[in-house]
Amino acid sequence: MNSRQSMDEIAIDLMQFRRALGNFATGVTIVTAQNDQGEKVGVTANSFNSVSLDPPLILWSIDKNSSSFSVFEQATHFAVNILSGSQIELSNKFSRRNIDKYEGTSYQTGAGKAPVLDHCSAVFECERHEIIEGGDHWIIIGKVVKFHDQGRSPLVYHQGAYSGVIPHPLLQLKDTVQAEPEDLGQLHQGHLYSNVCYLMSRAFKFYQTDYIPKQLVTGFRTSEARLLLVLGSGTASNKADLPRDIAMPMREVEQAATILKKDGLMVESDGFFKLTEKGKKTAHYLFDIADSHQNEVFEKYPEQEKEVFIKILKDIAGIA
Ligand SMILES: Cc1cc2nc3c(=O)[nH]c(=O)nc-3n(C[C@H](O)[C@H](O)[C@H](O)COP(=O)(O)O)c2cc1C
């Protein structure tokens, strides 16, 4: 396949193009502004990026169809609120159209009256620097005039689903051992090997390394697999509740649903999603992959030890 052919394919299949872009993990922001008339806007955006340190410039892009754009164009300033892991509801709220996004939202007023949201990981208050046309989006560049760095664990977005950050356990060990003098390194290593947080994240990493490829081989992305598994377990089916129940924004629930419907795996009626027989079989298949991986990992432990392990994990996770 030459590059021209592949570009043509991208041009005709926007959904697949968006799906491929979803492999790039990002944080999640809410960009806010207020004009002279007191009109406040806020848009959930993952297109944020840093541009320059000196001068301090950042950018993000906004859909030309966004009803919020005119206020961003009028306002002298805007604020980029980097969401923390506990702000999924806020992210979903600010991605919706035609609602009062500020009702029940706590914020302070920042530079140029831009709302600075509470409980974020960081906030960059910016003066509008430049707006550039970028296809069906406007690229907005801002000059940072003030920032707040609370350092809370960030919300992550990957393959259409919200995730969290877990430090890479193998790197942690390598860095520590190499950075310290030998005796101190060994001392730290001893501490690490009895530190439950380190062990859980390292165990999780190893568990995932072998498991994820088995799930990906099915061709489903995280968002589609998550929707299938939740519908298959019968825990949720009301479309309106799904973003909360499965930690995915509505537009991704809709995109995953479109793909599953096209493949004859689910149907929608009166705002409820239902798996077809083929969908149920596929969900079973995904559950089987998860179960067989678990059985493989635990095969060398007696049943009793496995039960104690599950009991402790449930206890720490706050599951009754
Ligand atoms: C995780 C996530 C990331 C998003 N990123 C962007 C973005 O970078 N730019 C954009 O214009 N819209 C983005 N959206 C969609 C907007 O949030 C949404 O279209 C907007 O809030 C709709 O309201 P409005 O038209 O009143 O502005 C994103 C939505 C989600 C859930």
Side-chain angles (χ1 to χ4, degrees), residues 14-15 17-35 37 39-51 58-75 78-105 107 114-115 117 120-121 124 126 128 131-142 154-165 221-224 226-227 239-258:
L14 294 181
M15 191 152 78
F17 179 43
R18 262 195 85 220
R19 201 165 172 247
L21 288 173
N23 287 302
F24 185 58
T26 66
V28 183
T29 73
I30 293 175
V31 190
T32 55
Q34 182 167 187
N35 64 12
Q37 289 73 48
E39 249 182 291
K40 291 190 292 290
V41 289
V43 173
T44 300
N46 67 338
S47 54
F48 167 76
N49 223 319
S50 54
V51 175
I58 55 90
L59 65 72
W60 70 290
S61 62
I62 183 167
D63 193 324
K64 283 185 178 170
N65 289 320
S66 167
S67 64
S68 309
F69 177 67
S70 56
V71 174
F72 283 109
E73 210 182 9
Q74 293 151 9
F78 62 88
V80 181
N81 300 269
I82 313 280
L83 298 191
S84 62
S86 60
Q87 292 180 305
I88 289 181
E89 291 282 304
L90 206 62
S91 170
N92 287 338
K93 184 171 164 189
F94 277 79
S95 70
R96 292 177 59 196
R97 282 175 168 254
N98 306 324
I99 59 154
D100 180 359
K101 300 183 185 184
Y102 283 93
E103 200 195 307
T105 302
Y107 67 92
L117 306 180
C120 291
S121 295
F124 297 96
C126 305
R128 183 162 44 71
I131 298 183
I132 304 170
E133 187 158 18
D136 56 9
H137 279 58
W138 296 108
I139 300 165
I140 303 185
I141 302 179
L155 185 59
V156 173
Y157 194 60
H158 177 240
Q159 290 191 348
Y162 295 114
S163 288
V165 168
R221 298 303 147 99
T222 309
S223 51
E224 295 142 21
R226 208 178 268 188
L227 185 55
K239 186 177 160 187
D241 293 341
L242 277 169
R244 191 197 56 215
D245 293 343
I246 60 178
M248 265 162 59
M250 184 54 97
R251 67 174 191 172
E252 297 303 332
V253 169
E254 277 166 355
Q255 173 155 327
T258 306

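Fair warning: this is a prediction, and the values are worked out from it, not measured in the lab. Order of appearance sets the numbers: ligands from 1, and atoms from 1 within every ligand.
Note: Phe124 and Trp60 fail the aromatic proximity criterion, with ring centroids not under 6.0 Å apart.
Atom CD of Gln37 has more than 12 neighbouring heavy atoms from other residues, nucleotides or ligands inside a 6.0 Å radius. Within a 6.0 Å radius of CZ in Arg96, no more than 12 heavy atoms belonging to other residues, nucleotides or ligands are found.
Only the backbone of Arg96 comes within contact range of ligand 1, with a heavy atom under 4.0 Å; no side-chain atom does. Here Ser61 has backbone heavy atoms under 4.0 Å from ligand 1, and that is the only part of it that gets that close.
Close approach of ligand 1 to Asp63 (heavy-atom distance below 4.0 Å) involves ligand atoms 10 (C), 11 (O). The Pro249 neighbourhood of ligand 1 comprises atoms 31 (C), with distances under 4.0 Å to a heavy atom of that residue. Those atoms of ligand 1 with a heavy atom of Arg97 less than 4.0 angstrom away are 22 (C), 23 (O), 25 (O). The atoms of ligand 1 that sit less than 4.0 Å from any heavy atom of Ile62 are 11 (O). Listed by atom number, the atoms of ligand 1 under 4.0 Å from Ser68 heavy atoms are 24 (P), 26 (O), 27 (O). Close approach of ligand 1 to Ser47 is summarised as follows: ligand atoms under 4.0 Å from at least one heavy atom of the residue are 7 (C), 8 (O). Atoms of ligand 1 found under 4.0 Å from any heavy atom of Phe94, numbered from 1 in the order shown, are 17 (O), 21 (O).
A salt bridge does not link Glu252 to Arg19: none of the charged side-chain nitrogens sits closer than 4.0 Å to a carboxylate oxygen.
One finds the OG atom of Ser68 at 9.5 Å from the CZ atom of Phe94 (value rounded to the nearest 0.5 Å). Remark: Arg244 CZ to Met248 CE distance equals 14.5 Å, nearest 0.5 Å. Note that the CD1 atom of Ile62 and the CD atom of Glu73 stand 10.0 Å from one another [nearest 0.5 Å].
Using a 3.5 Å distance cut-off with no hydrogens or angles, the side chains of Ser163 and Tyr157 do not pair a donor with an acceptor.
The nearest non-hydrogen atom to atom 18 (C) of ligand 1, considering only Ala161, Ser66, Ser95, comes from Ser95.
Nearest protein heavy-atom contact of atom 2 (C) of ligand 1 is Arg251 NH2, 3.5 Å. Looking at atom 17 (O) of ligand 1, its nearest protein heavy atom turns out to be Thr44 O, 2.8 Å.
Ligand 1 does not have Met250 within reach: every non-hydrogen atom of the residue lies 4.0 Å or more from it. Close to ligand 1: Tyr157, with a non-hydrogen atom less than 4.0 angstrom away. Lys101 counts as a contact of ligand 1, since one of its heavy atoms falls under 4.0 Å from the ligand.
Every residue two or more places apart in sequence or in another chain that forms a salt bridge (Lys or Arg N to Asp or Glu O under 4.0 Å) with Lys239 is listed here: Glu254, Glu268.
For ligand 1, none of its N or O atoms has an N or O atom of Asn98 under 3.5 Å away. Residue contacts with ligand 1: Ser67 is placed with a nitrogen or oxygen under 3.5 Å of a nitrogen or oxygen of the ligand (distance criterion only).
Relative ring orientation between Tyr102 and Tyr107 is described as perpendicular, the plane-to-plane angle rising above 60° on a 0-90° scale split at 30° and 60°.
Of all heavy-atom pairs between Val28 and Val156, the closest is CG2-C, 4.5 Å.
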